[in-house]
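Structure record follows, encoded as structure tokens.
No experiment lies behind these values; they were computed from the predicted model shown. As the structure lists them, so they are numbered: ligands from 1, and atoms in each ligand from 1.
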Amino acid sequence: MLIAVTRGVSPAIADCELTHLERTPIDVRTAREQHANYEAVLAGLGCRIERLSAEPDLPDSVFVEDVAVVLNEVAVITRPGAESRRGERSSIERTLQPYRPLAHISAPGTLDGGDVLVAGRDIHIGITSRSDTAAIDQFRSIVDDHGYRVHGTTVQGCLHLKSAVTAVDDDTLVLNPEWVDADDLGDRRCIAVDPSEPEAANVVRVGSTVLVAAAFPRTAERISDAGFDVRAVEASELAKAEGALTCCSLLFEASAQ
Ligand code: CIR
């Protein structure tokens with residue numbers, strides 16, 4: 001059984017952190033509708049949704065991905081790079097406790113889950129304004145015994161590594177070659193985003209289905225042409241908070257295999 005941990009959209013989302021985007025008004029109701037639809041799509045694909053309630057004082061807390069990285073063997077609670085996001089951890093910790101042993105990134109390291117790309121036994125971690133090499137070293141010591149290879153990866157032009165690249169299966173990546181160098185990501189098949197859709201690389205794989213933001217039909221076609229079952233999901237309002245599709249859930253098998 002696949003679990004999807006989500007959290008309702010904060011009424012304070014307009015005060016979100018922004019790094020590469022200009023602030024524009026966010027309609028909370030529309031954001032909530034899109035988020036509810038995202039959850040419904042995940043549920044329709046067989047996920048059990050564990051929804052945490054919205055946090056009025058934590059503007060970015062809908063983006064649960066940044067606060068933990070859930071592997072089969074362990075869940076790593078991060079130390080988010082933005083101080084305003086560190087209060088998101090305790091509830092996520094409580095939620096994950098029944099499912100996995102927990103490990104923690106500690107100060108002075110900082111890590112956002114959006115920077116952690118797991119592809120088979122390779123874990124690529126973006127070195128960004130949110131995630132640093134001290135945290136990457138900590139992460140490596142946590143997962144080393146489980147047989148993962150951890151690589152620090154340079155990213156430019158976007159917030160997180162997973163803004164630039166995500167995996168649609170263990171051997172296939174969707175990426176924006178302007179933001180990350182494919183040669184840093186091992187010997188994998190790469191599907192490049194359509195050049196007119198630079199933000200399209202953030203896709204969610206659920207079983208054999210790939211969710212792509214509805215704003216990126218050309219990249220969706222490329223992924224479909226590569227043999228994947230693609231589903232468009234509207235996420236334009238959450239995108240104004242610099243969040244994409246992977247950010248809105250923590251997806252993992254209930255019992256580790
Ligand atoms: C932030 O800057 O932290 C939020 N406004 C957006 C986080 C998006 N998360 C992600 O890409 N994993």
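Comparing heavy-atom distances from atom 2 (O) of ligand 1 across R85, R130, E242, E88 singles out R130 as nearest.
A 4.5 Å side-chain heavy-atom check between D66 and P80 finds every atom pair outside the cut-off. Side-chain contact between S163 and H20 is absent, with no heavy atoms from C-beta onward closer than 4.5 Å. Looking at L71 and H146, their side chains never come closer than 4.5 Å, going by heavy atoms from C-beta outward.
Within the structure, ligand 1 has A241 among the residues with a heavy atom less than 4.0 angstrom away. Between T19 and ligand 1 there is no heavy-atom distance shorter than 4.0 Å.
Ligand 1 has an N or O atom lying under 3.5 Å from an N or O atom of H160, backbone or side chain. When only interatomic distances are considered, the shortest N/O to N/O separation between D112 and ligand 1 does not fall below 3.5 Å. An N or O contact shorter than 3.5 Å is missing between S163 and ligand 1 by distance.
Atom 9 (N) of ligand 1 has its closest protein heavy atom at D66 OD2, 2.8 Å. Scanning the protein for heavy atoms near atom 10 (C) of ligand 1, the closest one is C247 SG, 2.8 Å. In terms of protein heavy-atom proximity, atom 4 (C) of ligand 1 is closest to D60 OD1, 3.1 Å.
Within ligand 1, counting atoms from 1 as listed, the ones closer than 4.0 Å to a heavy atom of G243 are 8 (C). Residue E65 has at least one heavy-atom neighbour below 4.0 Å for each of these atoms of ligand 1: 10 (C), 12 (N). Heavy-atom contacts of G114 reach the following atoms of ligand 1: 12 (N) (cutoff under 4.0 Å).
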Could you walk me through whether T95 and E50 pass the side chain to side chain donor-acceptor pair (under 3.5 Å) check?
CA-CA 8 Å; T95 307; E50 281 217 23; 5.3 Å; no

Please test E88 against S61 for side chain to side chain donor-acceptor pair (under 3.5 Å), starting from the C-alpha separation and ending with a verdict.
CA-CA 6 Å; E88 298 174 28; S61 51; 5.3 Å; no

Residues H151, D122; criterion side chain to side chain donor-acceptor pair (under 3.5 Å); working and verdict
CA-CA 8 Å; H151 319 272; D122 287 306; 2.9 Å; yes

Test D60 against R7 for salt bridge (charged side-chain N to carboxylate O under 4.0 Å, His left out), laying out the working first.
CA-CA 10 Å; D60 279 307; R7 177 163 12 223; over 6 Å; no

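When non-hydrogen atoms are compared, ligand 1 lies under 4.0 Å from the backbone of E17 as well as from its side chain.
Heavy atoms of other residues, nucleotides or ligands lying less than 6.0 angstrom from CD of E178 number 12 at most.
When each of D112, T246, T19 is checked for a side chain to side chain donor-acceptor pair (under 3.5 Å) with H160, only D112 meets the rule.
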